[in-house]
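So the structure is just underneath, and the comments pick up after that.
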Amino acid sequence: MGKYENDVKRLLELVGGKENIQAVSHCMTRMRFVLVDSKKANEEEIENLPSVKGTFTQAGQYQVIIGNDVASFYKEFTAYAGIEGVSKDAVKAAAKTNQNPVQKIMGALGEIFAPLIPALICGGLVLGFRNVIDSIDLFANGTKTLVEISQFWAGVDSFLWLIGEAVFHLLPVGIVWSITKKMGTTQILGIILGLTLVSSQLLNGFNVAATPADEIPVWDFGFAKVQMIGYQGQVIAAMMAGFVLVYLEKFFKKICPEVISMIVVPFCSLVPAVFIAHMVVGPIGWTIGNAIGDVVYAGLTSDFRFLFAAVFGLLYAPLVMTGLHHMTNAIDSQLLNTPAQSTILWPMIALSNIAQGSSVLAMSVLQKKNERAQQVNVPACISCYLGVTEPALFGVNLKYVFPLVCGMIGSCCAAMISVGFGVEALSIGVGGLPGILSIKAQYYPIFLLAMAVAIAVPFVLTFIIGKIKLSREDRFGKENTVEAADAETADTADAASEKSAALEEKSTSGSADAGNGQDVKELKSILDGKVIPITEVEDEVFSQKIMGDGVAIEPTNTVVTAPADCEVSVVMADTGHACGLTLANGVELLIHVGVDTVDMGGDGFKLLVKEGDRVKAGQPLIQFDPEKIRAAGHPCTTMLIVTAEGSASGIAMHTGMDVKAGETVVISWE
């Protein structure tokens, strides 16, 4: 009889049976299913299983969070179900078969823009700061800006344009690089192609509209002339050029003998791609991009702009859940390339972020005594107000539905105010509450009004409806619900007593061990680098603290070390990217190197310990190659999670500082 026999049997039934499983695998914390029909999975009942910490769907995979012991659970599950587990790549490939053509296109678009988002956010903040110091008359009785009265700030303003120009004017370089990265071709060739699109030899794309046609420089080939126009800020043209390069390289790799491929493939791919980019797809992409931008801008400035804004504000959150929202990044970038160099679309997106966050805030107030719900509500609300809505949408609002609808209504109202008064943004990437930094200074008062509506309307509606619709168990949690306690059977009471006794025995054992020189009160950093809050990790299982609270480290070295004297309780032997540790006082830890690095199949990782080893503080555990991790498209962020508190209490996380492996305390307790 296996340890998880009952949960295994029940999970198989709740996911729709063996016939509904197309593929299954696992990583360090989760079971990863590709289901034939995802609607057959009973999510509510699955989350009620004792072994399950949560569920979510991502990239066509239905993921069930188990924790450190997932390997044992997976082994029992596949044995009972009579299913042969497959590799993570096979699961990923199978998941794509569940997507329709639109989802595949939007998924690809999302994967192209995802690596660019940090740069867009940084660039947006820079332009927002410049907007404050060079456009708002805060001095000399409201007649001068900070730049006008201070040479220092005038210099800062000018200097910061280096970053703004690099992010938004030279965006095609990043786009073509990201395409080659996603498609698995040579990234440096993508960078070079991107650079040819924004070369200083060309007429800057932002100056084309103001330049007479006879003054635009040309390449004269005798039989034809081609205008020397740059594609600064152009999105569609850059994407088309990138895919031309990708498919040329794949074609020549396929037909070229290996012995000469190093010479032939780059030359035969890049040179034709540059010609095609400037002579064929560039002009076509320019025309398409401008047409899309013109249509959207016309809609946002027409007599029907209120209707357009209402529909967009209402439907943007559902678009996020389908992945179709990735298209707005391309449209927004295109709008910034118009002569106005501003976008009316982005302010509505920032307001939608705020509205959905306000719904979660109301849920957090309603569920303040539901500890399990708060573990999701609080980080989801924070991330939403900072512009990342997925944790809020999938973790809270969609689960109860009415908060989602209330957020949509608030977003609709705020969007009509924003568009009705023509609020414009100078940049994109900065969403949620900080989104005001991207707004033109003259529109601050109106945008603040729209923000107030986006906060108040969803909060009030969600709170009122939640008071009516939420059950006592939803509001206070199962453990605090009197009705649930009254309904407990004698068997359940006996089981609870046995569990309590087991916990007491474990606690006593942990205390005894602690008395034998093992009274650990703190955990040292496992890496050199910068420690950040776990809520900032780009993975909702960690950021929502589903596995437990902890810290994350942006590493500057490549060897993970033990945070204290402990036992290695579990390892990912096939991938080497994670391990579990147990301290003498019962505290259980999870170390996870990178985000979604399980997909790398162990490439770039070397596990230096095995299950059952006893290690000392500072002893090496895992060695990794950050370049390979980044090349695979994953962050190197490494998590140290407390998955079980044992006999520890008052656990505190120490973040926001530079740390040294084996020296700096990052987690401590009483």
Side-chain angles (χ1 to χ4, degrees), residues 28-29 67-68 510-511 513-537 542-543 545 547-572 576-595 597 605-626 629 635-670:
M28 185 65 186
T29 59
N68 283 11
S511 298
D513 287 340
N516 292 326
Q518 300 297 326
D519 191 12
V520 178
K521 296 289 187 180
E522 59 188 28
L523 301 178
K524 301 292 181 62
S525 179
I526 56 176
L527 285 162
D528 297 345
K530 176 72 175 290
V531 61
I532 62 174
I534 197 67
T535 53
E536 295 182 10
V537 175
F542 296 118
S543 63
K545 304 181 184 179
M547 286 299 304
D549 203 353
V551 299
I553 299 172
E554 300 291 356
T556 56
N557 66 329
T558 61
V559 177
V560 178
T561 59
D565 294 354
C566 54
E567 179 181 340
V568 180
S569 53
V570 61
V571 296
M572 288 294 288
H577 75 292
C579 67
L581 308 173
T582 303
L583 276 61
N585 61 357
V587 172
E588 295 181 7
L589 307 171
L590 166 66
I591 294 175
H592 194 289
V593 182
V595 176
T597 42
F605 296 93
K606 183 179 181 181
L607 198 59
L608 306 176
V609 291
K610 62 182 184 298
E611 188 173 326
D613 283 355
R614 293 188 177 277
V615 296
K616 296 290 185 180
Q619 183 172 330
L621 303 175
I622 299 171
Q623 186 174 358
F624 61 93
D625 186 336
I629 294 175
C636 292
T637 311
T638 298
M639 282 61 70
L640 175 61
I641 308 296
V642 179
T643 56
E645 296 185 0
S647 61
S649 62
I651 298 179
M653 309 299 163
H654 309 287
T655 61
M657 58 187 175
D658 292 327
V659 292
K660 188 74 174 174
E663 296 180 11
T664 314
V665 175
V666 293
I667 301 177
S668 61
W669 53 83
E670 298 174 359

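The two residues Val559 and Leu527 come nearest to each other via the heavy atoms O-CD2, 3.3 Å. In terms of heavy atoms, Ile534 sits closest to Phe542 at CG1-O, 3.4 Å. In terms of heavy atoms, Thr561 sits closest to Ser525 at OG1-O, 4.0 Å.
The side-chain heavy atoms of Cys566 and Leu589, taken from C-beta on, include no pair separated by under 4.5 Å. Side-chain contact between Val560 and Cys579 is absent, with no heavy-atom pair separated by less than 4.5 Å. Side-chain contact check for Lys524 versus Val665: some heavy-atom pair is nearer than 4.5 Å. The shortest side-chain heavy-atom distance between Met572 and Leu607 does not fall under the 4.5 Å cut-off. Two residues are said to be in side-chain contact when any heavy atoms from C-beta on lie closer than 4.5 Å; Asp549 and Ile641 fail this criterion. Contact annotation: the side chain of Val571 never approaches that of Asp613 to less than 4.5 Å [non-hydrogen atoms, C-beta and beyond].
The side chain to side chain contact (heavy atoms under 4.5 Å, CB included) search around Asp658 returns Lys530, not counting sequence neighbours. Considering only residues two or more places apart in sequence or on other chains, Ala652 meets the side chain to side chain contact (heavy atoms under 4.5 Å, CB included) condition with His654, Ser668. Asp528 meets the side chain to side chain contact (heavy atoms under 4.5 Å, CB included) test with Thr556, Asn557, Lys660, Ala661; sequence neighbours excluded. Under the side chain to side chain contact (heavy atoms under 4.5 Å, CB included) criterion, Glu567 pairs with Arg614, sequence neighbours left out. With sequence neighbours excluded, the residues that form a side-chain hydrogen bond (donor to acceptor under 3.5 Å, both in side chains) with His592 are His577. Scored by the side-chain hydrogen bond (donor to acceptor under 3.5 Å, both in side chains) test, Glu554 finds Thr637 as partners (sequence neighbours excluded).
Within a 6.0 Å radius of NZ in Lys521, more than 12 heavy atoms belonging to other residues, nucleotides or ligands are found. In this structure, Glu536 places its CD atom where more than 12 heavy-atom neighbours from other residues, nucleotides or ligands lie under 6.0 Å away.
Here Ile553 contributes atom CD1 and Ile526 contributes atom CD1; the two are 4.5 Å apart, rounded to the nearest 0.5 Å.
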